[in-house]
Amino acid sequence: NWMRYHCVNQIDGLLADLGVSSHHLDDPERGFAFRFDAPLDMRMNTRAGKTAADILAQADETEIGKILAIYGELKQARRMASAIVRQRAQKPIATTGDFCDVIKPFINKKAEKKELAQAFQALRIEVNHEMQALEEMLLQATELLAPDGRLVVMTYHSLEDRIVKNVIRSGHVDGHIEQDFYGRIIAPLKAVNNKIITASEEELENNPRSRSAKLRIATRNDNI
């Protein structure tokens, strides 16, 4: 929508880094991290939309379970959702500490930090409609990319990476492949790197948060 609003008709390239700003993660008041007890907000734009606390207070059990399962990839998502609904009937889940207290009984103690991070990530993705924004951006960028233009996307979540991979491979978010009469795939993009690019050992040492980063590059396919 941004590109259309500003009347951009064509672009030579687009670099999209889908990571969350470390400044946001390290700000105790934003509610992005479980290491600080703070209001459960998680909005990128603090002047608009529902907070994470609003979602936990208003969404039904099935919806909460799907958020935690799909965006957080948590095995105990359904049990967590059930506990959240029981808890909110007694007392609002208003802070990061409240949220942690409810879901910790269903978290593997050996992987506590990882699974807490996954749960917080799931809420953040839902609050900010991140997957919908990614899908819209990819489809608009594909449409506006000039011949030989490049699309470069850095993801940090398996679902994000799957969406990017699908669009590059097929031109569709769901990965649906269309073929011509001769069986050739009809797609507006062509992968530059068939193997994803990840952080080197040196970069991992200097920046541990890069461990989940995956880089995919595509160019406009002019043979369609």
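Just so you know, residue 1 is the first one in the sequence shown, and it goes up from there.
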Just do the side chain to side chain contact (heavy atoms under 4.5 Å, CB included) check on L189 and T142 with the steps written out, would you?
CA-CA 7 Å; L189 299 174; T142 299; 3.5 Å; yes
Dump the intermediate steps for side chain to side chain contact (heavy atoms under 4.5 Å, CB included) on E126 and E63, then the final yes or no.
CA-CA 11 Å; E126 177 66 18; E63 187 177 356; 4.3 Å; yes
Checking V167 against V173 for the side chain to side chain contact (heavy atoms under 4.5 Å, CB included) test, could you report, in this order, the C-alpha distance in whole Å, the side-chain angles of both residues, the deciding distance, and whether it holds?
CA-CA 5 Å; V167 171; V173 170; 4.1 Å; yes
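M154 and I163 sit in two unconnected hydrophobic clusters of ILVMFWY residues. Membership requires side-chain heavy atoms under 4.5 Å apart, directly or through other members. With hydrophobic clusters built from ILVMFWY side chains whose heavy atoms lie under 4.5 angstrom apart, L15 does not share a cluster with I11. Following chains of ILVMFWY side-chain contacts shorter than 4.5 Å, one can reach L18 starting from M131, so the two form part of one hydrophobic cluster. Note: the hydrophobic cluster containing L138 also contains L159 (ILVMFWY, side chain heavy atoms under 4.5 Å, direct or indirect links). Note: the hydrophobic cluster containing I168 does not contain I217 (ILVMFWY, side chain heavy atoms under 4.5 Å, direct or indirect links).
Not counting sequence neighbours, the partners of D41 by the side chain to side chain donor-acceptor pair (under 3.5 Å) test are R43. Qualifying side-chain contact (heavy atoms from CB on, under 4.5 Å) partners for D101, counting only residues two or more places apart in sequence or in other chains: none. Under the side chain to side chain donor-acceptor pair (under 3.5 Å) criterion, S158 pairs with E73, sequence neighbours left out. With sequence neighbours excluded, the residues satisfying side chain to side chain donor-acceptor pair (under 3.5 Å) with E130 are R124. Residues that satisfy the side chain to side chain donor-acceptor pair (under 3.5 Å) test with Y71, not counting sequence neighbours, are absent from this structure.
Here the closest non-hydrogen pair linking R88 and A59 is NH1-O, 2.7 Å. The nearest pair of heavy atoms linking I103 to A119 is CD1-CB, 3.6 Å. Here the shortest heavy-atom pairing between A187 and G171 reads CB-N, 4.4 Å. The minimum heavy-atom distance linking T96 with D37 is given by the pair OG1-CA, 3.2 Å. Heavy atoms only, all atoms of each residue included: A94 and D98 are closest at N-OD2, 3.1 Å.
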Which atom pairs, one a donor and one an acceptor, fall under 3.5 Å between side chains of residues 144-151 and the rest of the protein, sequence neighbours left out?
none

Would you give me the side-chain donor-acceptor pairs under 3.5 Å for residues 74-84, sequence neighbours excluded?
unit_1, atom_1, unit_2, atom_2, d
Q76, OE1, R79, NH1, 3.2
S82, OG, R86, NH1, 2.8

Contacts under 3.5 angstrom, residues 106-116 side chains, donor-acceptor by atom type, not counting sequence neighbours:
unit_1, atom_1, unit_2, atom_2, d
N108, OD1, K110, N, 2.9
E115, OE1, N108, N, 3.3

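Annotation: side chain of V152 is not in contact with side chain of L14 (no heavy-atom distance under 4.5 Å). In this structure, the side chains of T95 and P39 stay at 4.5 Å or more apart for every pair of heavy atoms. L56 places a side-chain heavy atom less than 4.5 Å from the side chain of L123. In this structure the side chain of T198 never reaches within 4.5 angstrom of the side chain of L215, judged on heavy atoms.
Atom CD of E201 is surrounded by 12 or fewer heavy atoms from other residues, nucleotides or ligands within 6.0 Å. D12 CG: 12 or fewer foreign heavy atoms inside a 6.0 Å radius.
Proximity of a side-chain donor or acceptor of N207 to a complementary backbone N or O of E203 within less than 3.5 Å is not detected. Proximity of a side-chain donor or acceptor of S210 to a complementary backbone N or O of A213 within less than 3.5 Å is not detected.
Evaluation of the ring pair (Phe, Tyr, Trp, His ring centres under 6.0 Å) test over residues 128-172, restricted to residues two or more places apart or in two chains, returns H172-H176. Counting only residues at least two apart or on different chains, the ring pair (Phe, Tyr, Trp, His ring centres under 6.0 Å) pairs with a member in residues 83-104 are F99-F120. Sorted by first and then second residue, the salt bridge (Lys or Arg N to Asp or Glu O under 4.0 Å) pairs involving residues 161-175 (not counting sequence neighbours) are D161-R216. For residues 179-189, the pairs satisfying side-chain hydrogen bond (donor to acceptor under 3.5 Å, both in side chains) are D180-R184, with sequence neighbours left out.
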